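Note that the coordinates shown come from a computational prediction; the quantities given were computed from them, not determined experimentally. Note on naming: letters A, B, ... go to the chains in the order of the sequence lines (proteins, then strands), and numbering restarts at 1 for each one.
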Amino acid sequence: MTNHFIDYQHSDVWLCIGANPAENHPMAFRWITKGKEKGGKLIVADPRFTKSAAMADLYAPHRPGTDIPFLLGIMNYAIQNNLYHREYVVNYTNASYIVHPEFGFEDGLFSGFGDGGYDKASWAYTGEKDPTLEHPQCVFQLLKRHTARYDKRTVSQICGTPEDLYEEICKLYAGTGEPGKAGNIIYAMGITQHTYGSQNVRSIAMLQLLLGNIGIPGGGVNAQRGESNVQGSTDMCMLYHLLPGYNPMPNANTHPTWADYREKATPAAGYWVNRPKFVVSMLKAWYGEHATAENDFCYDYIPKIYGDHSHMAMFKAMAEGKVKGFFAWGQNPVVGGPAAIQSRKAMENLDWMVCIDLFEIETAAFWKAPDADPTKIGTEVFFLPTGCSYEKEGTVSNSGRWIQWRWKAIDPPGEAHSDLWIADRLFKAIRKGYQQGGVFPDPIVKMTWDYGDDHYDIVKVAVECNGFTVADGEPVLNFTKLADDGSTACGNWLFSGYYNDLNDPPCKRRDTVDTSGLGMYHNWSFCWPVNRRIIYNRCATRPNGQPWNPEKALFRWTGTEWIKNDVPDFNANVPPEETANNPFIMLPEGQGRFFASGMAEGPFPEHYEPIETPFKNIMSKQQHNPCAKLYADNFAPVGSEEYPYVCTTHRLIEHYQSGALTRNQPYLVELMPEMFVMISKTLAEKLHLKSYDWVVVSTPRGEIKAKLGVTPLIKPLMVHSKLTEVVCMPWHWGFQGLGRGAIANDLTPAAGDANTSIPEYKAFLCNIRKA
Amino acid sequence: MGQYGVLVDVTKCIGCRGCQTACKNWNDLPAVKTTFTADWTNPPEMNFNNITLVGFHTIEKDDKVQWRAAKVQCFHCLEPTCFEVCFVHAYNKTPEGAVVYANPEICVGCRYCQLACPFHNIQMKWDEVFSRVRKCSFCYNRLVEGLKPACVTTCPTGALKFGKRDELLQEAKERINSNPDKYFNHIYGEKEAGGTSWLYISDVPFEDLGFNTDVFQKSIPKYTWKYMKKAPILAVSLPIFFAALYAYTKRRAENEGHGH
Amino acid sequence: MFSMKKLSRRDFLKSVGLGAAGLTAFDAFGGASAEALLLQKRTDLPEFKLQYAEETPTICCYCGCGCGIIIHTKDGKVIGCQGDPDHPINEGALCPKGQAITDLSFVVEENPRRHSMFERPRVPNPERVTKVLYRAPFATEWEEVSWDWALPEIAKRVKATRDSTFERTDANGVTVNRTQAIAHLGSASIDNEENYLMHKLMRALGVIYIDHHARL
């Protein structure tokens, strides 16, 4: 989230697309409700009439997987009707940049396509700009031509949203392009879980740039995160391709040496020029006195990746017998991962697995799944019981990037221990083995790991994450104090500042006084970066430093100084003119990108159909995302007669993700006891089905059995003049726990986004019949 | 001291059921076993361990659908029938407005109160002949400590608002008057059964939320008590009748197997 | 001195009853009336459990809203919870998942013997795993083992797998120091400090198959 939940109250219009906050982020709705009381309008776009839709001023049904046309259509409307925020666009975005003359787009492909990927030479800027935005090859004109293809008629045909309703939505949302107005786009996994999920997100960001909605109170690109600490675990980069703090993982092909890494991972401009300081400080935190300038700070101790090692690639390697040992630490892939039947099968190839959790989850018990034969599975399984959130202490980061401390209320039960204790003991047990020798033991035996002997001291871990001066061990104030010469150590630069005062660590602060008057609460916990509550906040004022909306003024330039209601994302010691062309400090351009050459499948989003779809792509000959990552070949063909219905998965307020916790909580199992599938009345009539029938839902990956609910909340959509039925199912159940039911992900495809490899859970094909 | 009440604005309820869970958590009520329900209301009805329940309602009209959630519990009548009909005085109507089942040790389990409740919101066990009562107490043990009821405290969107009943009534009228196109012009609880502490406003008719709209607009004890108290035979026969009925239906259900 | 932030009951009551920001101020009764106290003594309501509760602030373990919760405990047992009235995001409110967080450790037991509100103790959630478990190859059941046995055994397997598959260099002669035979998933459900140590641990082993919820 660029903004945060409390800030939702400042929005004039919210557009919820691919998110259902009333169900999945109820406290977000607290602030939407407060905003509605002040006159704010809520738009909800969703294939189902959700609890959020029930609260909306305008609800748009749209087919799963058609977010790009929906969003580009609004952009087109705003441009054609001159409703976009021109002053913002000219000053704060790359709209005026001239693009390489050979850049082009034809029939679904951008220039440079070949061999399953793009040569991006033509996706470059020429270095010139046209502030009038008239040059035919400037980003704005390219964008205008690109989005013009998404007129309301075309969008309506693809999405199944009635044309008049869609126009009404365009009008309402594009209205936030007026200076001083704030539009807020709220999204979640309904946007990301597609083979073009990253481009869905880009579409949101571009629409917000076009309407001047980024960096302002009540605006933002607000990804509502699904887990209590998915922001923090992402910041810690439990991801194959990153080191803590979003530093790229050394790649054998591009960064064979530290010199290569320094050069290629450090851009010429933008805040990332500081990357070497962050990485060197991390290496100092990891390898202490062993890390010196002479040995490249132990750069070679860090393993090097060479390709795709993401979730689906991992299970593919497991199926091929390449992965022998597996840690499932607080995650339940047997329920939560795509193509779960194949994943369970793959796990049978493991020599050993360590599962660390509170309950005996499906992943721990994969060998006794209903479709498994334990007497034929040779995997050794260790289950290590851990403590729940209030049986230990530590921090979690919410969607708004607030790093908040959790105190410990009770001890874990029986012999269970906190995850920190387990990590500490496990490392020590492994290190002990390597102290007696082994293959290249240095990265293990030389790693700094000194958090106490018998009982770990979490403050030591926190100070290491925060960063400290090597000479005296004193915590650093924040990441501006980090150096690339080995004089500072810092586990994760983004956390720098969260534990910089041992007597009053910012992450433990509980001061309820809000000095900003805008609900920023700077003295409640700590927010990365440097306690900034709204990022890109230079955009909150005009180039001359005057707020777009004086009633919600985050900053104001008096003529001699800045009045500040948030931590500035710009140099506030200089007059506004000096920072006006650099509001997006992380980007080398310093300006927001309509045109982004870093994307795998194109600098602009373009509509492609999901991997499984009933329809041909009417926008071009290119049916699917040409760069989508496919990890299997068991997909239904376009327009499959065997699998005629669009299927999508969703969540319920009563359960959390794979249900690993909530299906063992009696209060929640009472509210939502078992797996079910929901369909429209029309489909039920056609198939002679009624509520409470047991049905079988099938896809090329497998089939599941569940109870049926027939509901008026789901209605068929008119797509390309054809009534299209959508089958909806939650994915919280499995074969373990108090509340049990079929695993929805037994049905989902192993197809991934071209940039992030996130699976396409939200749009695939199925059939349904009476059991 | 004026009586307290709660204003429920159905248009602000997102149906999260935090109130339903908070009630159980505060009152230490155990979870009950349930099965899937197609409208998501679960348990399907109030019971001995669910003294407040959020009901989900889909309202279809001219091809449009609305989805509303409404919490029900004891409405805490200004002149409670349960209190009036109880011949052993197991109930109390407190000055704060709460109707509390105060003296369980003298309750004989006659079910008068349960039958007399115009809203059918008093829970007793059907498998016991002389069951005691369980009903919403308005979190009386919180009220006397200066805390709002658990359900109100937990409501994320402010759909439940606690306050002085007369002030809430005024606010309800203002909300309706300032938005007449949105709200259905009726404050449920203003007059029903002579007035209740819990007040509801909605943008759909109350029948569509499963509310009993046939309730007398005057206080019911005035009508019922003169009949009920003259029929002491009911005190003995009704529990036996209902227990027998329950035993019969339970056996039938078991014979037919579970499921819908 | 600052490691535990425990609220006093008085602070808590004050903030819930009077301060809950943004919601209607509730003019507290100014001390319970004599009648009220008498009533409460006789009434079949749970006693006011906060009177002896210890209160610990935590952050909800579910969605990304980051709501504050006060856990009520007594003698090391959880007896309830409530939204943290001081927390700026939820201001004392909670959804059902947040409310039910108590179930993770202690659940209310059905007590068929009594109807009274007083007689339903909370018991440890019987579904929780409280012992280290081991499943041998081809076994159909778990067996209970000790940490002292399990940790060195896991370490042995990690070492055997790592050492037999470790790559010092790749085909191009680039130093890569990795194993592709060990994979790690998790987790967005655990703390930052824990994730940090897990990351360190896995990279020290040379693991490159690291992923978690953020990609799902």
Side-chain angles (χ1 to χ4, degrees), chain A residues 5 26-27 225 227-228 230 232-234 236 238 240 252 256 300 303-305 309 311 314 323-331 352 374 378 381 383 385 388-390 394-395 398-399 404 406-407 409 413-414 419-420 423 427 429-430 433 439 443-444 447 461 512 521 656 664-668, chain C residues 56 58-59 61-67 71 73 76 86 88-90 95 100 103-104 107 127 129-130 133 135 137-138 140 151 155 157 159 161 163 166 170 174-178 181-197 201 204 206 208-212 214-215:
Chain A
F5 293 107
M27 224 44 75
R225 312 220 56 174
E227 286 104 347
S228 55
V230 70
S233 58
T234 311
M236 282 301 178
M238 299 305 294
Y240 78 89
D300 279 343
K304 289 191 187 70
I305 59 169
H309 314 291
H311 184 106
M314 181 189 292
V323 174
K324 301 285 181 199
F326 177 45
F327 287 90
W329 200 320
Q331 186 163 348
W352 54 268
V381 186
F383 186 94
C388 80
S389 58
Y390 52 83
T395 61
N398 77 354
S399 285
Q404 305 187 84
R406 303 200 277 213
W407 282 267
D419 298 274
L420 205 62
F427 181 83
I430 293 167
V439 177
I444 300 164
M447 176 158 273
V461 185
T512 56
Y521 295 97
Y656 173 64
N664 290 296
Q665 291 175 257
Y667 281 166
L668 298 172
Chain C
T56 312
T58 187
I59 301 299
C61 62
Y62 295 117
C63 82
C65 287
C67 298
I71 304 283
T73 54
D86 287 333
I89 291 173
N90 61 312
C95 78
D103 271 358
L104 285 173
V107 298
E127 303 298 315
V129 182
T130 58
L133 302 177
R135 185 259 176 181
F138 310 109
T140 55
L151 287 173
R157 282 156 186 76
K159 188 166 190 294
T161 304
D163 287 3
F166 201 76
D170 68 6
V174 175
T175 303
V176 293
N177 286 331
R178 69 187 174 211
I182 299 177
H184 172 103
L185 279 184
S187 165
S189 292
I190 67 175
D191 297 352
N192 288 315
E193 293 75 16
E194 294 168 338
N195 272 297
Y196 176 68
L197 286 200
L201 165 62
I208 56 171
Y209 279 109
I210 294 182
D211 219 340
H212 85 291
R215 204 183 301 279

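- In plain terms, the two heavy atoms of A/Ala252 and C/Val176 that are nearest each other are CB-CG1, 3.7 Å.
- Here the closest non-hydrogen pair linking C/Ser187 and A/Ser233 is O-CB, 3.4 Å.
- Both the backbone and the side chain of C/Ile182 come within less than 4.5 Å of a heavy atom of chain A.
- If you measure heavy-atom distances from C/Asp170 to chain A, the contacts under 4.5 Å come from the side chain alone.
- The distance from atom CE of A/Met238 to atom CG of C/Asp211, rounded to the nearest 0.5 Å, is 9.5 Å.
- How far CZ of A/Arg225 is from SG of C/Cys63: 12.5 Å, rounded to the nearest 0.5 Å.
- At a threshold of 4.5 Å between non-hydrogen side-chain atoms, the residues A/Asp419 and C/Asp191 do not count as touching.
- Atom OG in A/Ser399 sits 9.0 Å away from atom CD1 in C/Ile89 (nearest 0.5 Å).
- Residues A/Val461 and C/Tyr196 have side chains in contact (heavy-atom distance under 4.5 Å, counting atoms from C-beta outward).
- Side-chain contact check for A/Phe383 versus C/Val129: some heavy-atom pair is nearer than 4.5 Å.
- A/Met314 touches chain C through backbone and side chain together, each having a heavy atom under 4.5 Å away.
- Here the closest heavy-atom approach between residue C/Ala100 and residue A/Leu668 is recorded as CB-CG, 3.6 Å.
- Looking at heavy atoms from C-beta onward, C/Thr140 lies in side-chain contact with A/Pro374 at the 4.5 angstrom threshold.
- Within the 3.5 Å criterion, the main-chain N or O of A/Asn664 finds no donor-acceptor partner in the side chain of C/Glu127.
- Chain A forms more heavy-atom pairs under 4.5 Å with one residue of C/Ala214, C/Ala183, C/Ala155 than with any other, namely C/Ala183.
- Rounding to the nearest 0.5 angstrom, the gap separating the NE2 atom in A/His309 from the NE2 atom in C/His184 is 16.0 Å.
- A/Phe327 is not listed as a side-chain neighbour of C/Ile210, based on a closest heavy-atom distance of 4.5 Å or more.
- Under the side chain to side chain donor-acceptor pair (under 3.5 Å) criterion, C/Asp163 pairs with A/Tyr434, C/Lys159, sequence neighbours left out.
- Between the OH atom in A/Tyr390 and the OG1 atom in C/Thr73 there is a gap of 10.0 Å [rounded to 0.5 Å].
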### Query
Should C/Arg178 and A/Ile305 be marked as a side-chain contact (heavy atoms from CB on, under 4.5 Å) after you check the CA-CA gap, both sets of side-chain angles, and the distance that decides it?
CA-CA 8 Å; C/Arg178 69 187 174 211; A/Ile305 59 169; 5.9 Å; no

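- Judged purely by atom type and a 3.5 angstrom limit, A/Gln404 uses its side chain to pair as donor or acceptor with the backbone of C/Gly66.
- The minimum heavy-atom distance between C/Ala204 and A/Pro443, with the atom names listed, is O-CB, 3.4 Å.
- Put simply, the side chain of C/Asp103 gets close to the backbone of A/Tyr667: a donor and an acceptor are under 3.5 Å apart.
- In this structure, CH2 on A/Trp407 lies 9.0 Å from OG1 on C/Thr58, to the nearest 0.5 angstrom.
- Of the listed residues (C/Asn192, C/Leu151, C/Ile59, C/Leu133), the greatest number of heavy-atom pairs within a distance under 4.5 Å of chain A belongs to C/Asn192.
- Listed by chain and residue number, A/Tyr656 satisfy the side chain to side chain donor-acceptor pair (under 3.5 Å) test with C/Ser189 (two or more places apart in sequence, or in another chain).
- The two residues C/Thr130 and A/Pro385 have their closest heavy-atom pair at C-CG, 4.2 Å.
- Considering only heavy atoms from C-beta on, C/Arg215 comes within 4.5 Å of A/Tyr240 through its side chain.
- Put simply, the side chain of A/Arg406 reaches to within 4.5 Å of the side chain of C/Cys61, judged on heavy atoms.
- Counting all heavy atoms, side chain and backbone alike, A/Thr512 lies closest to C/Asp86 at CG2-O, 3.2 Å.
- Counting heavy-atom pairs closer than 4.5 Å to chain C, the top-ranked of the candidates A/Ala423, A/Gly433, A/Gly330, A/Gly414 is A/Gly330.
- The contact between A/Phe5 and chain C is made entirely by side chain atoms (from C-beta outward), counting heavy-atom distances below 4.5 Å.
- Only one option out of C/Asn177, C/Val174, C/Ile208 pairs with A/Lys304 in a side chain to side chain contact (heavy atoms under 4.5 Å, CB included); it is C/Val174.
- Residues A/Thr395 and C/Glu193 have side chains in contact (heavy-atom distance under 4.5 Å, counting atoms from C-beta outward).
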